[in-house]
There are 2 protein chains.
Amino acid sequence: MGPRRSLIIRKRAPLRAATLADVAKIAGVSPMTASRALNQAHLVATDKAERVRAAAARLAYVPNRIAGGLASQRSRLVIAVVPGTLNPVFADLIHALREELLRSGYQLFLGLSDYDMPAEDELVETTIGHRPDGIVLTGVVHSPQLRFRLAGARIPVVETWDLTPTPIDMLVGFSNEKVGASAAEHLLRRGSRKPALIVADDHRAQARGAGFAAAAAERGIAIAGRVAVRAPTTLGMGRDGLARLLTADPRIDAVFCSSDQLATGVLFEAAARGIRVPERLAVMGFGDLSGSAHTHPSLTTVAVDGARIGREAARLLLERLAAPEAARRSRIVDVGSRVVARESA
Amino acid sequence: MGPRRSLIIRKRAPLRAATLADVAKIAGVSPMTASRALNQAHLVATDKAERVRAAAARLAYVPNRIAGGLASQRSRLVIAVVPGTLNPVFADLIHALREELLRSGYQLFLGLSDYDMPAEDELVETTIGHRPDGIVLTGVVHSPQLRFRLAGARIPVVETWDLTPTPIDMLVGFSNEKVGASAAEHLLRRGSRKPALIVADDHRAQARGAGFAAAAAERGIAIAGRVAVRAPTTLGMGRDGLARLLTADPRIDAVFCSSDQLATGVLFEAAARGIRVPERLAVMGFGDLSGSAHTHPSLTTVAVDGARIGREAARLLLERLAAPEAARRSRIVDVGSRVVARESA
DNA sequence: CCGGTCGATGGTAGCGCTACCAAAAGACCA
DNA sequence: TGGTCTTTTGGTAGCGCTACCATCGACCGG
């Protein structure tokens, strides 16, 4: 037994939060019964369960999930790792993921990674350290060291928002190359002969840019201008990007941006310069943000069903959690993407 | 001792993640020494520390922070609760908070709350359950039950993004009423006589709207139109909002929106209708989002230094963590807000 | 009226790690 | 060389909770 804190001091201001033992003592039952009353009430006589609940309420008792998780080896917690500055593109994914997990009694926490690798490594380490029942990653993991750690942790992992033939475990995503390719297709079919790119410097945006260039080249069209910007992207970068593209070559007739934020900026810059969109300049983005349908002109973009990714990720995770043994075959889901043709292209 | 798993099976595919005991055994030291080698390397002979590190790397060992936290009663973790759908207004706050905490060796996790109360209660319960070293709340807590729980948990709490005379513990925020009031002041000084409002239905947005109306009334000006929208706000709601305001009263001469997203939507709707901004219609928003300086016309808005809130919140938390005893006086920091006058008003 | 069964309850033994203390091994001095 | 001080190491005892098993009446049919 450790030292008992003086009852006099404890009276008004307990130094430590209440524990299950405190609750049990007040309710006049054993800790075991108190635990059951709170978690599996049907196994306990109703009057005792009631007394336990009352005692818990009186003490402002909140179960220590750290201890519970350690004892039961299940945390009922899923941690999602999302890049950087709360990028709204992921909003639907996270929202749907959270919804589905909640429905099955799992909580979701988010870890924010920077766009740079070392910090991401550290974050994933911490994430594993908390031994969640599942991990959802936004983006696939490239660092071999991290993949090793993640695989060694024996925690179900879902990578999202990208496709790769070799996921660590499970994968729900789409091809960023195809996003770029279908944008190129759309723009060229509408008659563009001098398309330009504004692309952020993260992996996935780069892949979209590469996909665009490849598809254009296949049709004998060269990229007429290219601006690289730093992730995360902003509207201002889009404005500035168009300005720079026009300085380099005023005859470009279309711009594909790696995000809708950039594209919206391009729209504003075009408006400020009196450049008619889409007649003189076609503009496309990626992400189909909540606002993109309501810009003026409304933005043509490549949409991904983020909510579906979230739902599928949750489904894979929950299935695995329900039947861990059935899980050796790795699962890959491609949700695809589609061009949403609106006014700007 | 529990049952030992067959060595034959363990060989290639360990069923459980490696533990500190595994590492210690391989390195040929006691678990205690292994623990020190990993956490306080200076207390251990260099050769042994090296052996431990090598063993850890070989086993893809990631320390179980759940167990460590339980044993040491410190998790080196802060959990921030943010409302709903990754609203970019909070991006700066979260980013700065994370940065500061990281600098001191604390990790940050995010819990997403819905805009509705019951779900928020549950989330805060879970959050407390994980016994973080600190909790940062975006918005003040109103539910008395939750306040009781939070106070009982003996975890340092920082409420943010709002002011109240009675915080649970610490508070860093600004007055949403004043935000509205200074917007009103700005608009009226510029000559508006028929200002209108587009305001979301969450607490804080409501407070901004109320502040606006009160300040206008004080100057003898009545609100000429008012549209309520559901949080979280989007550009589309802004467009739609202006349309509805104009239908009700075409002579309104200014619009104050409870967010920059809404205001940007208003800008687009005005552009689509050929309404000149700010000559015919002045537009103001709130939040000074990263894009707001680059709309066309650029958006006049009320800015809050989100990064400063994050930094102050981190500072308060870290001070408390460093000297828990010195903490009985509760601390309140008001970071204020300011009008950023650009082209739209 | 007794063995068998079942639901309710309690006791025990950890989960994986670290705080704390004791012991051992060097380092150093007279 | 013996003693003192300082490192370095290991053992023990939990952190707060739950899995698991033992126990104990109550209740059943025979």
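In this text the structure is predicted, and so the values were computed from the model without any measurement. Naming: A, B, ... by sequence-line order, numbering from 1 per chain.
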Checklist entry - Closer to the 5' end of DNA chain D via nearest nucleotide, is it B:S72 or B:G28? => result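 Nearest-nucleotide comparison on DNA chain D picks B:G28.
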
Are [X] and [Y] close enough that some pair of their side-chain heavy atoms sits under 4.5 Å apart?
X: B:L318; Y: B:Y106; value: yes
X: B:P83; Y: B:D202; value: no
X: A:L108; Y: A:L102; value: no

Item to check | B:D169: which of B:R320, B:R147, B:R331 passes salt bridge (Lys or Arg N to Asp or Glu O under 4.0 Å) | outcome: B:R320

Where is the tightest heavy-atom contact between [X] and [Y], given as atom of each residue plus distance?
X: A:V124; Y: A:L137; value: CG2-CD2, 4.5 Å
X: A:F148; Y: B:A57; value: CE2-O, 3.3 Å
X: A:P31; Y: A:L20; value: O-CD2, 3.6 Å

Nearest-Å distance for atom pair [atom1]/[atom2], residues [X] and [N]:
X: B:L43; N: D:dT6; atom1: CG; atom2: P; result: 15 Å
X: B:L20; N: C:dT18; atom1: CG; atom2: P; result: 6 Å
X: A:D22; N: D:dG16; atom1: CG; atom2: C1'; result: 10 Å
X: B:R154; N: D:dG16; atom1: CZ; atom2: C1'; result: 18 Å
X: B:Q40; N: D:dT9; atom1: CD; atom2: C1'; result: 13 Å
X: A:I128; N: C:dG16; atom1: CD1; atom2: P; result: 16 Å
X: A:D133; N: C:dC15; atom1: CG; atom2: P; result: 18 Å
X: B:R76; N: C:dC17; atom1: CZ; atom2: C1'; result: 16 Å

Checklist entry - Can the ring centroids of B:F109 and B:H130 be said to lie less than 6.0 angstrom from one another? => result no

Item to check | For DNA chain C, the residues among residues 51-70 of chain A that have a non-hydrogen atom under 4.0 Å from it | outcome: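 Under 4.0 Å from DNA chain C: A:L70.
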
Looking only at side-chain atoms of [X], point me to the closest of [options].
X: B:V29; options: C:dA19, C:dC17, D:dG10; result: D:dG10
X: B:A71; options: D:dG10, C:dG10, C:dC17; result: C:dC17
X: B:A45; options: C:dG10, D:dT9, D:dG14; result: D:dT9

[N] OP1/OP2 closer than 4.0 Å to side-chain N/O of [X]:
X: A:Q73; N: C:dG16; value: yes
X: B:S30; N: D:dT9; value: no
X: A:S35; N: D:dC17; value: no
X: A:T33; N: C:dG10; value: yes
X: B:K48; N: D:dT8; value: no

Next on the checklist: If we ignore hydrogens and angles and just use 3.5 Å, is the side chain of A:R76 paired with the main-chain N or O of A:S104 as donor and acceptor?
Outcome noted: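 Yes.
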
Item to check | Heavy-atom donor-acceptor pair, B:T160 side chain to B:V172 backbone, under 3.5 Å | outcome: no

Next on the checklist: The test is salt bridge (Lys or Arg N to Asp or Glu O under 4.0 Å); show your working for A:E100 and A:R315 and say whether it passes.
Outcome noted: CA-CA 8 Å; A:E100 291 298 315; A:R315 187 179 60 76; over 6 Å; no

Next on the checklist: Here's a test for you: under side chain to side chain contact (heavy atoms under 4.5 Å, CB included), which of B:D92, B:I309, B:V136 qualifies with B:L97?
Outcome noted: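 The side chain to side chain contact (heavy atoms under 4.5 Å, CB included) with B:L97 is passed solely by B:V136 among B:D92, B:I309, B:V136.
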
Checklist entry - Once each nucleotide of nucleotides 20-26 of chain D is scored for protein heavy atoms under 4.0 Å, what B/S/- sequence comes out, 5' to 3'? => result B------

Checklist entry - Taking five pairs at each end of the helix from C:dC1-D:dG30 to C:dA30-D:dT1, what angle separates the two helix axes (nearest 10°)? => result 40°

